[in-house]
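So that the names make sense, note that chain A is the first sequence line, chain B the second, and so on, each numbered from 1. No experiment lies behind these values; they were computed from the predicted model shown.
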Amino acid sequence: MTPRQIRQFNHDLLKWFHEKGRSLPWRETNNPYYIWVSEIMLQQTQVNTVIPYYNRFISRFPTLHALAEAQEESVLKSWEGLGYYSRARNLQKGVREVAEKYNGQVPDDKDKLLSIHGIGPYTAGALLSIAFSEPEPAVDGNVMRVMSRIFLIDDDIAKAKAKKEFENVVQELIAEADPRAFNQSLMDLGAMICHPKNPECPECPVRNHCRAYDEGVQTEYPVKSGKAKPKTADYAVLLISDSEGKILIEQRPDSGLLAGLWQFPMIGESEGGKAAVQKLAGEKIGQSVHLTKESFTHTHRFSHLVWNLSLYSGVICDPIIPGERQEWLPVSELEKRPFPVSHQKVIDWLKKNRRNDT
DNA sequence: AATTCGGGGTA
DNA sequence: TACCCAGAATT
């Protein structure tokens with residue numbers, strides 16, 4: 001684009017944004033900590049899903065220091081159900097880093113931001129532009145889709161390399177714009193008009209600048225290669241209760257899938273058969289236990305994994321002393337711990353079917 | 001450069 | 001179903 005075309009593009013885009021842009025909780029503030037929280041929550045997560053989580057989170061951790069000083073488990077509890085839990089752990093790590101290294105002030109320097117845990121190229125750009133009004137690109141899925149159509153860029157956006165190309169394009173456009181409004185207007189355009197499947201081009205404020213619209217090939221962009229088929233894993237979920245009706249739960253490891261969350265003990269069911277489950281359950285719990293296969297089963301789909309869960313229950317008369325990451329809890333207190341959604345389904349079943357109240 | 005990290009909305 | 005979502009860390 002020529003400088004004149006760039007000015008016209010900016011004018012058309014920002015005029016639309018000020019008239020039709022979304023009003024969102026995190027747009028009512030310039031507090032870098034609030035913007036930071038919102039950007040982390042919004043990673044791979046839709047706006048409407050985030051809104052209630054954001055409001056609760058800010059209400060519970062109203063300042064950067066409040067989050068820095070919180071128990072990690074209470075942070076995970078606030079994140080429960082939102083997914084990608086390492087985001088929450090890294091956010092708190094990053095906040096603690098800012099509290100110690102930068103006296104609680106979120107730095108407005110790109111390299112310093114990128115050195116903070118959980119802040120990558122996108123989030124650094126978003127903070128610099130939205131919180132500090134610096135002309136930095138913030139390239140996410142929306143921006144790649146919009147720009148791929150406007151300039152007919154056919155790089156595979158599933159590849160890491162493609163992002164640089166889009167950052168260069170945005171960098172040229174943003175130079176003459178209000179960076180804060182510019183980056184957010186691209187995201188709103190991507191979310192409200194320039195949809196992946198059925199873009200509403202007649203409503204688009206920049207369709208006159210769009211090469212894909214000009215050539216009628218909007219739906220062929222962006223170019224994106226496919227993902228691998230998720231693998232499946234079968235598990236026996238153990239509902240072990242003591243004579244008082246307390247349930248044995250355990251905390252998952254500090255790294256990997258669902259790190260730090262709580263769950264009912266699980267056993268890989270690869271070979272199937274109740275006898276095998278019974279034997280492994282005895283080893284896991286530390287004493288032999290008679291299990292009953294319940295009718296409850298549940299399939300949980302992650303983006304890269306499928307869990308097939310089936311439920312076994314058993315009662316222990318002489319309860320074991322719980323291990324380091326285990327605990328006996330009454331059903332009524334399970335909600336104090338953060339559980340993954342798959343095991344919340346088990347809790348739902350338990351509350352409907354429990355035979356002995358506690 | 002490819003894989004691992006959740007869960008829900010949408011056509 | 002399949003794809004997408006205000007991506008980053010790890011391998």
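Heavy-atom distances to DNA chain B give each of A:Gly83 and A:Lys159 a nearest nucleotide, and the one nearer the 5′ end belongs to A:Lys159. Between A:Pro121 and A:Arg301, the residue whose closest nucleotide on DNA chain C is further toward the 5' end is A:Arg301. The residue among A:Arg27 and A:Gly118 whose nearest nucleotide of DNA chain C is located toward the 5' end is A:Arg27. Between A:Leu258 and A:Ala228, the residue anchored nearer the 5' end of DNA chain B, judged by the nucleotide with its closest heavy atom, is A:Ala228.
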Go through it in stages, so that I can follow the logic: the residues are A:Glu244 and A:Trp328, the test is side-chain hydrogen bond (donor to acceptor under 3.5 Å, both in side chains), and I'd like the CA-CA distance, side-chain angles, deciding distance and then a yes or no. CA-CA 10 Å; A:Glu244 300 174 349; A:Trp328 292 97; over 6 Å; no

- Query: Under the side chain to side chain contact (heavy atoms under 4.5 Å, CB included) criterion, do A:Leu238 and A:Phe264 qualify, and how do the steps go?
  - Reply: CA-CA 6 Å; A:Leu238 305 182; A:Phe264 304 101; 5.9 Å; no

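For A:Ile116 and C:dA9, the CD1 to P distance is 11 Å, given to the nearest whole Å. Regarding A:Arg87, its CZ atom lies at a distance of 11 Å from the C1' atom of C:dA6, rounded to whole Å. One can place CZ of A:Phe166 at 16 Å from P of C:dA6, the figure rounded to the nearest angstrom. Atoms CZ (A:Phe182) and C1' (C:dA6) sit 15 Å apart, rounded to a whole Å. Taking atom CG of A:Leu127 as the reference point, atom P of C:dG7 lies 14 Å away to the nearest angstrom. Residue A:Asp254 contributes atom CG, which lies 14 Å from atom P of C:dT10 at whole-angstrom precision.
Listed by chain and residue number, A:Asp254 satisfy the salt bridge (charged side-chain N to carboxylate O under 4.0 Å, His left out) test with A:Arg325 (two or more places apart in sequence, or in another chain). Remark: A:Glu250 engages A:Lys284 in a salt bridge (charged side-chain N to carboxylate O under 4.0 Å, His left out) (not counting sequence neighbours).
Going from the P atom of C:dA6 to that of B:dT10 covers 12 Å, rounded to whole Å. B:dG6 and C:dC5 have their C1' atoms separated by 12 Å, given to the nearest Å.
Among the atoms of the strands shown, none is found under 4.0 Å from any heavy atom of A:Asn48. Within 4.0 Å (heavy atoms only), A:Tyr122 reaches at least one base atom of the nucleic acid. Using a 4.0 Å heavy-atom distance criterion, A:Ser38 is classed as making no nucleic acid contact.
Between the side chain of A:Gln326 and the backbone N or O of A:Leu248, no donor-acceptor pair lies under 3.5 Å.
For residues 126-144 of chain A, the set of pairs meeting the salt bridge (charged side-chain N to carboxylate O under 4.0 Å, His left out) definition, not counting sequence neighbours, comprises A:Lys110-A:Glu136.
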Show every donor-acceptor pair shorter than 3.5 Å between a side-chain atom in residues 3-23 of chain A and any protein atom, with sequence neighbours excluded, or say none if there are none.
residue: A:Gln5; atom: OE1; partner: A:Thr2; partner atom: N; Å: 2.8
residue: A:Gln5; atom: OE1; partner: A:Thr2; partner atom: OG1; Å: 3.4
residue: A:Gln8; atom: NE2; partner: A:Asp12; partner atom: OD1; Å: 3.0
residue: A:Asn10; atom: ND2; partner: A:Ile6; partner atom: O; Å: 3.0
residue: A:Asn10; atom: ND2; partner: A:Leu173; partner atom: O; Å: 3.2
residue: A:Asp12; atom: OD2; partner: A:His209; partner atom: NE2; Å: 2.9
residue: A:Lys15; atom: NZ; partner: A:Glu19; partner atom: OE2; Å: 3.3
residue: A:His18; atom: ND1; partner: A:Leu14; partner atom: O; Å: 2.9
residue: A:Arg22; atom: NE; partner: A:Asp188; partner atom: OD1; Å: 3.0
residue: A:Arg22; atom: NH2; partner: A:Asp188; partner atom: OD1; Å: 2.7

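Separation of the A:Trp307 and A:Tyr235 ring centroids falls under the 6.0 Å cut-off.
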With the criterion being N/O to N/O and under 3.5 Å, what pairs connect the protein with nucleotides 3-5 of chain C, and how long is each?
residue: C:dC5; atom: OP1; partner: A:Arg145; partner atom: NH1; Å: 2.2
residue: C:dC5; atom: O2; partner: A:Gln44; partner atom: O; Å: 3.2

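Here chain A contacts DNA chain B (any atom closer than 4.0 Å to a heavy atom, that is under 4.0 Å), and the contacts span B:dA2 to B:dA11 from 5' to 3'.
Classified by interplanar angle (parallel below 30°, tilted 30° to 60°, perpendicular above 60°), the ring pair A:His343/A:Phe339 is parallel.
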